[in-house]
**Student:** 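The structure follows.
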Number of protein chains: 2
Amino acid sequence: MSTVPASARDRLVAAAFDLFDVRGFDETTVDDIARAAGVGRTTFFRHFGSKEAVIFPEHDELLARIAARLDAGDADSRDSAVTEAARLVLRYYVGEGDRARIRYRLISSVPVLKTREIASIRQYQSLFARALSGWTADDPDAVLRAELLASAIVTAHNHVLRRWLRGEVDDPEDAFGHAMSVVLEPVTQAGGETTVVVVRTGAAPDQVAAAVQRALRSS
Amino acid sequence: MSTVPASARDRLVAAAFDLFDVRGFDETTVDDIARAAGVGRTTFFRHFGSKEAVIFPEHDELLARIAARLDAGDADSRDSAVTEAARLVLRYYVGEGDRARIRYRLISSVPVLKTREIASIRQYQSLFARALSGWTADDPDAVLRAELLASAIVTAHNHVLRRWLRGEVDDPEDAFGHAMSVVLEPVTQAGGETTVVVVRTGAAPDQVAAAVQRALRSS
DNA sequence: GGCGAGTACGGTACTGAGTACCAATCCTTT
DNA sequence: AAAGGATTGGTACTCAGTACCGTACTCGCC
């Protein structure tokens, strides 16, 4: 009855978080984790490609969920599509609770885990960039703008998530909404703001405006 | 006379790039590199912390240069400071020539190297974020805005660098200037303020536009 | 029930990265 | 010439990750 019915994979994850938390990442061997989970060392590597990967057990599935959400969007629903897709990630980590906090502590102190996390984040960013790149069109800088927006979304997400993990924010969903408004404010208002150049020459005003516009596009 | 006078460190880097390029990263052991450089295996690990690190030999020094350039800037010279700091990185890699191209091929095909590169990029980003965070003040979202701008700068840099590495761009400096104008265009227009430029000279409109363009390139 | 097929598991053996330690050599300083 | 610090090479060790093999369990199917 004390034998947990959880799958070997789940037991490995639980044992890994436990051991990493109390003993430290470097001081814990894969053998230790496998033994604590009551399985062989081979089984560990069958479920996780590396010792670090066990810290991000659902990463691949999350990636797939994000990709699916982005695929469901289109150019018109762009802002809400990316916001909701990023919110999926935020909700997942917030829903993890203590496990997310332990991961945060580990990542903050173990360089190899920080590297791994950064690489994971980059995968999300690539998903967003690809989706955005497919939506924005007929702009010579479309790819660059897509990458910029993708990096901004991911940065906003991580900013809010880290603040929540540090206990600096109570309602992460709300904070993320605000952060996204900061991200999208220049995008949505683009072209709405006016830069006026007053020239006292005899040139026609619209000629001057056209020149400034060209300059701002700086092509 | 065929014995190169280069330092052991330089010989290790050259041997590593050679072997990785022709034989592949995974198929090359540290022993191979050390033997090709005419030194012991221990010496390799004395100069580079890991097998991957030899691909980014000057990374730490570059980081220090960026930090120094950012430290030399202040809130007023913000745009030019970050632009010039990023340009230092761009110039370094462009100046490397073939070595940068070999690295790009390796990174594109070897996952562990891609991870390493992403982590390196993140270090630059952190430098920018910290500098920007110190400059922008009295804004409740100051940290977020600093992180957003830092990620945008790094994204713009990488966008241009990768395009140059793929041969899609001839003049990377010029392309980067343009990319930075795209990055800074929403920032400079932030707040919906209207910038009025009154020119009392008899200059032609396109001369004025040219002056604005130069100012936007901020270098 | 029996039975092959596919699957999850455990064990063993191996390669190679990274670390610790020790001895030798070189180079500087006095 | 002697002492002392720094760079190097060699050896031995731990452990992550891979390959391979034999075994147990399960699920249809006859």
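Reminder, nothing fancy here: chain letters follow the sequence lines and each chain counts from 1. Hydrogens, waters and symmetry mates play no part in the numbers below; they use all other heavy atoms, side chains included.
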**Student:** Rounded to whole Å, how long is the line connecting atom CG of A:D31 with atom P of C:dG10?
**Tutor:** 12 Å

**Student:** Just how far, in rounded Å, is C1' of C:dA17 from CD1 of B:I33?
**Tutor:** 11 Å

**Student:** If I take atom CZ in residue B:F44 and atom P in nucleotide C:dA17, what distance separates them, rounded to the nearest angstrom?
**Tutor:** 9 Å

**Student:** Can you check the B:R116 CZ to C:dG18 P distance for me, whole Å?
**Tutor:** 9 Å

**Student:** Does D:dT8 have OP1 or OP2 under 4.0 Å away from a side-chain N or O of B:H47?
**Tutor:** yes

**Student:** Between C:dT19 atom P and B:K51 atom NZ, what is the distance in whole Å?
**Tutor:** 15 Å

**Student:** Any idea which of C:dC9, C:dA20, D:dT8 is nearest the A:A8 side chain?
**Tutor:** C:dC9

**Student:** Pick the nucleotide of DNA chain D nearest each of A:R46 and A:R41; which residue has the one closer to the 5' end?
**Tutor:** A:R41

**Student:** Starting at CZ of B:F48 and ending at P of D:dT7, how long is that distance when rounded to a whole Å?
**Tutor:** 15 Å

**Student:** At 4.0 Å (heavy atoms only), tell me whether A:E52 reaches a base, stays on the sugar-phosphate, or touches nothing.
**Tutor:** sugar-phosphate

**Student:** What is the distance, to the nearest angstrom, from the CZ atom on A:R35 to the P atom on C:dG10?
**Tutor:** 13 Å

**Student:** Heavy atoms from C-beta onward define the side chain here; which of D:dT8, C:dG10, C:dG18 lies closest to that of A:T43?
**Tutor:** C:dG10

**Student:** Looking at A:Y124 versus A:F128, is the centre-to-centre ring distance below 6.0 Å?
**Tutor:** no

**Student:** Over all heavy atoms of both residues, which pair between B:F25 and B:V112 is shortest? Give the atoms and the distance, please.
**Tutor:** CE2-CG1, 3.8 Å

**Student:** What orientation do A:F48 and A:F44 show, parallel under 30°, tilted 30 to 60°, or perpendicular over 60°?
**Tutor:** tilted

**Student:** Are side-chain heavy atoms of B:V82 and B:L132 found at a separation under 4.5 Å?
**Tutor:** yes

**Student:** Does A:T42 or A:F45 map to a spot on DNA chain D nearer the 5' end, using the closest nucleotide for each?
**Tutor:** A:F45

